[in-house]
Amino acid sequence: QVQLVESGGGLVQPGGSLRLSCAASGIIFSMYDMGWYRQAPGKQRELVATITRGGITDYADSAKGRFTISRDNAKKTVDLQMNSLKPEDTAVYYCNANFRITATASRDSWGQGTQVTVSS
């Protein structure tokens, strides 16, 4: 059974930094593409950053230049370093594990989320 446990959220002032971490269990971590998504109140969940099994990263435009996603296959963790945080980054951040079954089908697993609040 896939388990994803996020940590590192909290309250930070604008311009500050936070590092989110997601610990995975119950999976062969190196076979999964991993990602971070977020959902603000009243809004749909949106992609923040992804990192493939091979280490290729991709970012939402809002995250480029400020956030960095990384993974450690030995520790089965994926981190999101967030710098220069803005109030609009306030959201619940979710860890995602995606397993590609076929060329057109995949399976998603989600963590419980961690709250990030950017406010003075």
Side-chain angles (χ1 to χ4, degrees):
Q1 184 177 357
V2 181
Q3 268 200 318
L4 302 172
V5 179
E6 300 101 335
S7 61
L11 173 65
V12 64
Q13 292 186 341
S17 298
L18 278 177
R19 188 176 184 88
L20 306 183
S21 187
C22 172
S25 61
I27 61 173
I28 302 175
F29 186 78
S30 60
M31 295 182 67
Y32 283 70
D33 297 332
M34 301 298 296
W36 285 94
Y37 290 71
R38 68 187 183 188
Q39 187 166 18
K43 294 187 177 182
Q44 288 190 332
R45 190 172 298 189
E46 63 178 8
L47 179 147
V48 177
T50 60
I51 184 166
T52 68
R53 293 170 293 174
I56 297 172
T57 58
D58 191 26
Y59 297 90
D61 287 344
S62 59
K64 288 178 181 176
R66 300 188 300 128
F67 295 1
T68 303
I69 189 171
S70 60
R71 66 188 293 161
D72 186 327
N73 287 344
K75 294 181 180 179
K76 295 187 177 181
T77 58
V78 57
D79 291 350
L80 184 69
Q81 177 67 42
M82 304 187 294
N83 299 326
S84 302
L85 283 161
K86 305 174 182 179
E88 51 264 44
D89 294 317
T90 295
V92 178
Y93 283 70
Y94 296 92
C95 179
N96 170 267
N98 180 267
F99 181 77
R100 185 152 301 279
I101 302 169
T102 67
T104 56
S106 63
R107 182 171 64 237
D108 281 309
S109 298
W110 297 91
Q112 81 288 351
T114 185
Q115 176 71 46
V116 171
T117 302
V118 184
S119 175
S120 55

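What you see is a predicted model, and the numbers here were worked out from it, not measured in a lab.
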**Request:** With side chain to side chain contact (heavy atoms under 4.5 Å, CB included) as the test, would you mind laying out the steps for S17 and V12 before giving the verdict?
**Result:** CA-CA 7 Å; S17 298; V12 64; over 6 Å; no
**Message:** Within the supplied structure, the quantity of interest is the number of heavy atoms (other residues, nucleotides, ligands) at a distance under 6.0 Å from Q44 CD; does it exceed 12?
**Reply:**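 No.
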**Message:** Tell me if the CD1 atom of I101 is crowded by more than 12 foreign heavy atoms within 6.0 Å.
**Reply:**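 Enclosed: over 12 neighbouring heavy atoms sit under 6.0 Å from CD1 of I101.
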Considering non-hydrogen atoms only, spot the tightest contact between [X] and [Y] and give its length.
X   : Y   : result
K76 : I27 : NZ-O, 3.3 Å
S84 : R66 : O-NH1, 2.9 Å
A97 : Y32 : CB-CD2, 3.7 Å
K64 : Y59 : CE-O, 3.3 Å
A40 : A91 : N-CB, 3.8 Å
R71 : F29 : NH2-O, 2.9 Å

**Prompt:** When you look at F67 and L85, which way does the side chain to side chain contact (heavy atoms under 4.5 Å, CB included) test go after all the steps?
**Reply:** CA-CA 9 Å; F67 295 1; L85 283 161; 3.9 Å; yes
Spatial distance of atom [atom1] ([X]) from atom [atom2] ([Y]) [nearest 0.5 Å]:
X    : Y   : atom1 : atom2 : result
I51  : W36 : CD1   : CH2   : 12.5 Å
L47  : R38 : CG    : CZ    : 10.0 Å
N83  : T68 : CG    : OG1   : 6.5 Å
T90  : L11 : OG1   : CG    : 8.5 Å
T114 : Y94 : OG1   : OH    : 10.0 Å
Q115 : Q39 : CD    : CD    : 11.0 Å

**Prompt:** Would you say the side chains of Q81 and D79 form a donor-acceptor pair under 3.5 Å?
**Reply:**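 Distance-only check fails for Q81 and D79.
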**Request:** Please check if any side-chain donor atom of N98 sits under 3.5 Å from a side-chain acceptor atom of S106, or the reverse.
**Result:**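 There is such a pair (donor and acceptor under 3.5 Å, judged by atom type) between the side chains of N98 and S106.
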**Prompt:** Parallel, tilted or perpendicular: which describes the rings of Y37 and W110, with under 30° parallel and over 60° perpendicular?
**Reply:**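 Taking W110 first and then Y37, their aromatic rings stand perpendicular (interplane angle over 60°).
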**Request:** Report yes if some heavy atom in the side chain of S21 is under 4.5 Å from a heavy atom in the side chain of K75; otherwise report no.
**Result:**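 They are not in side-chain contact.
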**Prompt:** Could you walk me through whether K86 and D89 pass the salt bridge (charged side-chain N to carboxylate O under 4.0 Å, His left out) check?
**Reply:** CA-CA 5 Å; K86 305 174 182 179; D89 294 317; over 6 Å; no
**Asked** Can you list every pair that meets disulfide (SG to SG under 2.5 Å) and has a residue in residues 38-89, with sequence neighbours left out?
**Response**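 Counting only pairs at least two positions apart or across chains, no disulfide (SG to SG under 2.5 Å) contact touches residues 38-89.
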Pair up each side-chain donor or acceptor in residues 1-9 with any protein partner under 3.5 Å, not counting sequence neighbours, and list the distances.
from: E6; atom 1: OE1; to: Q112; atom 2: N; distance (Å): 3.1
from: E6; atom 1: OE1; to: Q112; atom 2: NE2; distance (Å): 3.3
from: E6; atom 1: OE1; to: G113; atom 2: N; distance (Å): 2.9
from: E6; atom 1: OE2; to: C95; atom 2: N; distance (Å): 2.7
from: E6; atom 1: OE2; to: G113; atom 2: N; distance (Å): 3.2

**Prompt:** Hey, is the main chain of D33 close enough, under 3.5 Å, to the side chain of R100 for a donor-acceptor pair?
**Reply:**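 Absent.
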**Asked** Are V78 and L18 co-members of a hydrophobic cluster defined by side-chain heavy atoms under 4.5 Å apart?
**Response**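 L18 and V78: one cluster.
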